[in-house]
Amino acid sequence: MPIRHLGYVAKNLELENSGIKMQTVRRATFDLYGEDIITEKILHNLNVLYQILEWNIKNDIYAFRLGSELFPWLGNYNVKSFKRFDEIEYECSFIGEYARENNIRLSFHPGPFNVLCSPDNTVVEKTIRELEAHSEIFDLMGYEPSFNTKINIHVGGAYGDKVGALEKWVSNYYKLSESLRQRLVIENDDTTSMYSVQDLYGLHELCNNELPITFDYYHHSLHQDGISEKEALDIVTSTWPKDIVPVTHYSESRREEHLKIITDICRKNGIDIETELPEWPTLYNTYLGWEMIKENAHSDNVNGPINTYGHTIDVMLEAKAKEQALLKLREKQLILENTNN
DNA sequence: CCAGGTCAAGGGAGT
DNA sequence: ACTCCCTTGACCTGG
């Protein structure tokens, strides 16, 4: 049973197509209407979330990442001071109870703008406020602080000096509340200037071995830093407490998916890519477009296999096609449990 | 009603 | 300097 829960993130396309979707507001709207519009959106979004969880249960999906837009402009207000806080609190605890009763694992992934090591103290202060606000939502949902309800971020900046940036990160990490630190986890990056699994293991040690690492398969493939996927997974799983199942993120390359679609079409129609493709201008132009796709862009769907190397983990799929991608992957059943290699 | 323009946050990479 | 990528496309407006 190597993958315990296979989950997806942020939204459900099927429900969205039937008009059930999260809402947010622009800054100007927030400034104009303040807590009234935020309250309205929060209550709406919690209702949508309930329907997503309900859909997930029906489809045997027991892990879901909450989008931060659940509470629009989180970190810019104290929800406890809102006139209708009672209602928000009630709905939150209802959701939390519902998720716990059904054994659903929830998590957050605050945006890439949360940078604990920024040289700009205003950014650090805003980051701390926003992360604490995420943690407080889990409090409202009735969760004890735990890595079961993780709040996942990246280091966020290197400034050409990873060591210095990490030192700064650690000093700010200890400014966070105890509750937040019992939820906060750190994820590996996809570029060499940023943080590999090994870099983060160093950070884990600097944080008294209390900061778990979320392993992102695809990011690792783009920034391996000299270690194999298996070695990386061995390392990251060791950073989680024994009684908590580690979480990993899984996605694939949009560029390769694009290329595969074109080559499949060509193969089916007997078109030789090297010599004959230019005779089909539309297809050819689409083909040429693949190089424009950024290397780190995510695909719509994923093919797997996801290799757990004998570890028991939860896997969050980060695919544009969301729950549809999950259903398709599950059909393919391409999940490996290798313990050797 | 819908397509297209625009947006709120920090940082890095590619052009 | 500008655009894309990451979290996550949704909001808002003009035709």
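Throughout, protein chains are lettered first and strands after them, A, B, ... in sequence-line order, and every chain is numbered starting at 1.
- Using cut-offs of 30° and 60° on the angle between ring planes, the pair A:Tyr98 and A:Tyr50 is tilted.
- Per the geometry, NZ belonging to A:Lys322 stands 13 Å off C1' belonging to C:dA10, to the nearest Å.
- For the pair A:Trp169 CH2 and B:dG11 P, the interatomic distance rounds to 15 Å; values are reported in whole Å.
- Going from atom CD of A:Glu187 over to atom C1' of B:dG11 covers 15 Å, rounded to whole Å.
- A:Tyr8 and A:Phe64 have perpendicular rings, their planes meeting at more than 60° on a 0 to 90° scale where under 30° would count as parallel.
- Nucleotide C:dG9 is matched to B:dC7 when pairs are restricted to Watson-Crick or G-U wobble geometry with both distances under 3.5 angstrom.
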Assess the residue pair A:Thr39 and A:Lys83 against the criterion (side chain to side chain contact (heavy atoms under 4.5 Å, CB included)); give the C-alpha distance rounded to whole Å, side-chain angles, the decisive distance to 0.1 Å, and a yes or no. CA-CA 9 Å; A:Thr39 300; A:Lys83 292 191 288 286; over 6 Å; no
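- Checking A:His220, A:His219, A:His154 one by one against A:Asp189, the side chain to side chain donor-acceptor pair (under 3.5 Å) holds for a single residue, A:His154.
- Atom NE2 in A:His219 sits roughly 8 Å away from atom P in C:dC6 (whole-Å rounding).
- Within the nucleic acid shown, A:Pro72 has no heavy atom closer than 4.0 Å to any nucleic acid atom.
- For the pair A:Lys162 NZ and B:dG11 C1', the computed distance is 14 Å after rounding to whole Å.
- The separation of B:dG5 from C:dC6, taken at their C1' atoms, amounts to 22 Å, rounded to a whole angstrom.
- Annotation: side chain of A:Leu211 is in contact with side chain of A:Trp169 (closest heavy-atom distance under 4.5 Å).
- OP1 or OP2 of C:dA10 has at least one side-chain nitrogen or oxygen of A:Lys11 nearer than 4.0 Å.
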Short N/O separations, protein against nucleotides 7-9 of chain B, under 3.5 angstrom:
from, atom 1, to, atom 2, distance (Å)
B:dA8, OP1, A:Arg27, N, 2.8

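- A:Asp189 has its CG atom 13 Å from the C1' atom of C:dT7, to the nearest Å.
- Atom P of C:dT3 sits at a distance of 24 Å from the matching atom of C:dT8, rounded to the whole Å.
- Ring pair A:Phe138/A:Phe108 is tilted by interplanar angle, where 30° to 60° counts as tilted.
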